There are 2 protein chains.
Amino acid sequence: MRLLLVEDDRRIASDVASALTSAGYVVEIVRDGEEAWFLGDTEDYGAVILDLGLPGMDGLAVLKRWRSNGRHMPVLVLTARASWAERVDGIDAGADDYLPKPFRMEELLARLRSIVRRTAGHASSVVSAGDITLDERQMKVSVRGVPIALSPLEYRLVAHLLRHRGRVVSQHELDENIYGHGEDHDSNALEVLIGRVRKKLGAELIETRRGFGYLVPETPA
Amino acid sequence: MRLLLVEDDRRIASDVASALTSAGYVVEIVRDGEEAWFLGDTEDYGAVILDLGLPGMDGLAVLKRWRSNGRHMPVLVLTARASWAERVDGIDAGADDYLPKPFRMEELLARLRSIVRRTAGHASSVVSAGDITLDERQMKVSVRGVPIALSPLEYRLVAHLLRHRGRVVSQHELDENIYGHGEDHDSNALEVLIGRVRKKLGAELIETRRGFGYLVPETPA
DNA sequence: TGATCCATGTCAGCGAAATGTCAGGTCGTT
DNA sequence: AACGACCTGACATTTCGCTGACATGGATCA
């Protein structure tokens with residue numbers, strides 16, 4: 001799962017990021033409120049870990065703007081100031097949970113799992129493109145109603161492409177979202193994966209944009 | 001909005017009640033588990049604030065009986081004890097949020113707003129999938145009407161999977177909800193448990209989603 | 001106290017599924 | 001045509017989940 005980590009303290013950011021990474025998440029880090037807002041507004045993250053006390057734009061303001069733009073991803077708020085007033089503000093701004101610094105990494109992981117689980121029902125869980133339907137709750141992919149068995153990696157590939165249908169997705173982005181950060185790329189594993197998915201779901205689903213990446217066309221309503 | 005406040009300590013009850021009243025809620029107070037259960041079962045409340053440690057009937061038991069009767073109003077549990085195990089018990093019993101004592105009144109209000117905001121859930125006393133029926137009130141599982149004896153862990157497993165039928169449940173989530181701790185996982189105890197349940201209830205009930213978790217398919221009505 | 005039962009964890013090994021690797025192919029661009 | 005990006009099929013390897021057998025440990029009861 002892809003996470004956005006918003007934290008300006010480099011030391012904390014890298015500690016947290018490495019813990020998250022080894023827990024199997026794919027992590028993007030930003031240190032600035034403006035950029036955090038932009039990414040959270042335009043990209044899809046499974047969850048956001050948001051430090052208050054940021055340069056650029058206040059963390060709570062970022063959160064409120066996301067919420068008022070209809071962005072519902074789970075948000076875990078971190079803060080050094082552990083006053084109850086802040087907790088209240090955070091919850092009212094739309095935070096799903098709240099973690100005062102300093103914290104143990106295990107607790108962060110536990111709370112993260114908790115909010116991800118709790119808000120899992122809110123995601124619109126069925127996406128489709130062309131003949132293909134993806135049910136994220138059941139992790140089931142169907143072609144014209146017929147369920148197709150996909151391996152884990154194949155599923156992640158399809159899920160990511162369908163979530164971002166209508167735009168070109170680079171190989172690098174796919175790498176990051178499907179595998180973790182294993183920098184190998186003298187391998188064509190991704191291409192092989194694409195091939196296998198095409199064989200199962202039909203070659204038309206995924207278009208190749210030579211030199212740029214892959215595209216699942218948006219289906220006109 | 002009308003609230004039910006279940007709290008046997010008169011001092012706390014009146015403090016909370018006056019705070020709630022001045023926050024605009026209409027509050028009814030009960031001090032006894034039996035009466036709480038009766039009112040919660042027969043009247044409609046926007047939310048319930050439930051203290052554990054009650055005379056008459058244990059708070060968690062009250063909550064469980066509400067839930068198994070199909071009462072799904074948001075419930076905020078107050079407790080002096082806040083261990084992980086308690087939390088798991090509370091969540092299993094159907095609590096929407098937890099607030100450890102002592103607490104700030106503002107935080108109680110914030111959490112109350114929060115659980116009311118996400119009014120969505122539902123819980124009924126009997127769920128079924130395929131040939132399997134789970135009666136949560138009696139903690140009884142049947143296959144085509146024939147009761148099957150399950151061990152405590154087996155029951156928790158089945159109950160969790162059936163409550164969340166129709167979506168893939170990760171091994172980790174099962175771990176957390178069946179056992180109550182975090183990071184042991186170099187054991188295959190859960191897989192063994194799954195195997196035993198399958199032997200008792202039939203292999204078709206639980207599908208394996210390799211790499212992701214398990215799924216009890218939703219049965220079309 | 002000891003015998004026994006039941007629930008549960010542990011372990012080793014099996015087999016299938018998943019995934020990576022490689023060695024050519026194909027296709028498009030210059 | 002030549003180059004590089006991409007595709008494909010075959011094969012090797014690794015991972016994952018299942019199973020049966022055994023160990024442990026607590027509860028119960030004579």
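The chains referred to below are lettered A, B, ... by the order of the sequence lines, with proteins before strands, and numbering in each begins at 1. On a predicted model such as this, the values are computed, not experimentally measured, just so you know.
Put simply, the side chain of B:Arg165 gets close to the backbone of B:Leu162: a donor and an acceptor are under 3.5 Å apart.
For B:Ser151, no side-chain nitrogen or oxygen approaches OP1 or OP2 of C:dC6 to under 4.0 Å. Listed pair B:Gln171 / D:dC16 fails the phosphate criterion, with no side-chain N or O lying under 4.0 Å from OP1 or OP2. B:Thr208 has no side-chain polar atom (N or O) that falls below the 4.0 Å cut-off from OP1 or OP2 of D:dG17.
Heavy-atom distances under 4.0 Å link DNA chain C to A:Val192, A:Arg196 of residues 192-199 of chain A, given in residue order.
As a whole-Å value, the separation of A:Lys200 NZ from C:dA17 P is 11 Å. One atom, CZ of A:Phe212, and another, C1' of D:dC6, lie 15 Å apart when rounded to the nearest Å. When the C1' atom of C:dA17 is taken as reference, atom CD of B:Glu191 falls 15 Å away, rounded to whole Å. What separates CG of A:Asp175 from C1' of C:dT19 is a distance of 14 Å, to the nearest Å. Atom CD1 in B:Ile148 sits roughly 17 Å away from atom C1' in C:dA7 (whole-Å rounding). Rounding to whole angstrom units, CG of residue A:Leu153 and P of D:dT13 are separated by 20 Å. If you measure from atom OH of A:Tyr179 to atom P of D:dT14, you get 17 Å, rounded to the nearest angstrom. At whole-Å resolution of the value, CG in A:Leu190 and P in C:dT19 are 13 Å apart.
Salt bridge status for A:Glu154 with A:Arg156: absent, with no side-chain N to carboxylate O gap under 4.0 Å. Looking at A:Asp9 and A:Arg31, no side-chain N of the basic residue comes within less than 4.0 Å of a carboxylate O on the acidic one, giving no salt bridge.
Residues that satisfy the salt bridge (Lys or Arg N to Asp or Glu O under 4.0 Å) test with A:Arg11, not counting sequence neighbours, are A:Asp15.
Minimum atom distance to the side chain of B:Asn188 is reached by C:dA12, of the listed C:dA12, C:dC22, C:dG20. When distances run from any side-chain atom of B:Arg210 to the nucleotides D:dC7, C:dT21, C:dA18, the shortest one goes to C:dA18.
Looking at heavy-atom distances under 4.0 Å, A:Tyr214 makes contact with sugar-phosphate atoms alone, never a base.
Heavy-atom nearest nucleotides on DNA chain C were determined for A:Pro152 and for B:Glu154, and the one closer to the 5' end corresponds to B:Glu154.
Around the CZ atom of A:Arg167, the shell of radius 6.0 Å holds more than 12 heavy atoms that belong to other residues, nucleotides or ligands. For B:Phe103, the CZ atom sits in a packed shell: over 12 heavy atoms of surrounding residues, nucleotides or ligands are nearer than 6.0 Å.
Using a 4.5 Å heavy-atom cutoff, the side chains of A:Tyr214 and A:Thr208 are in contact.
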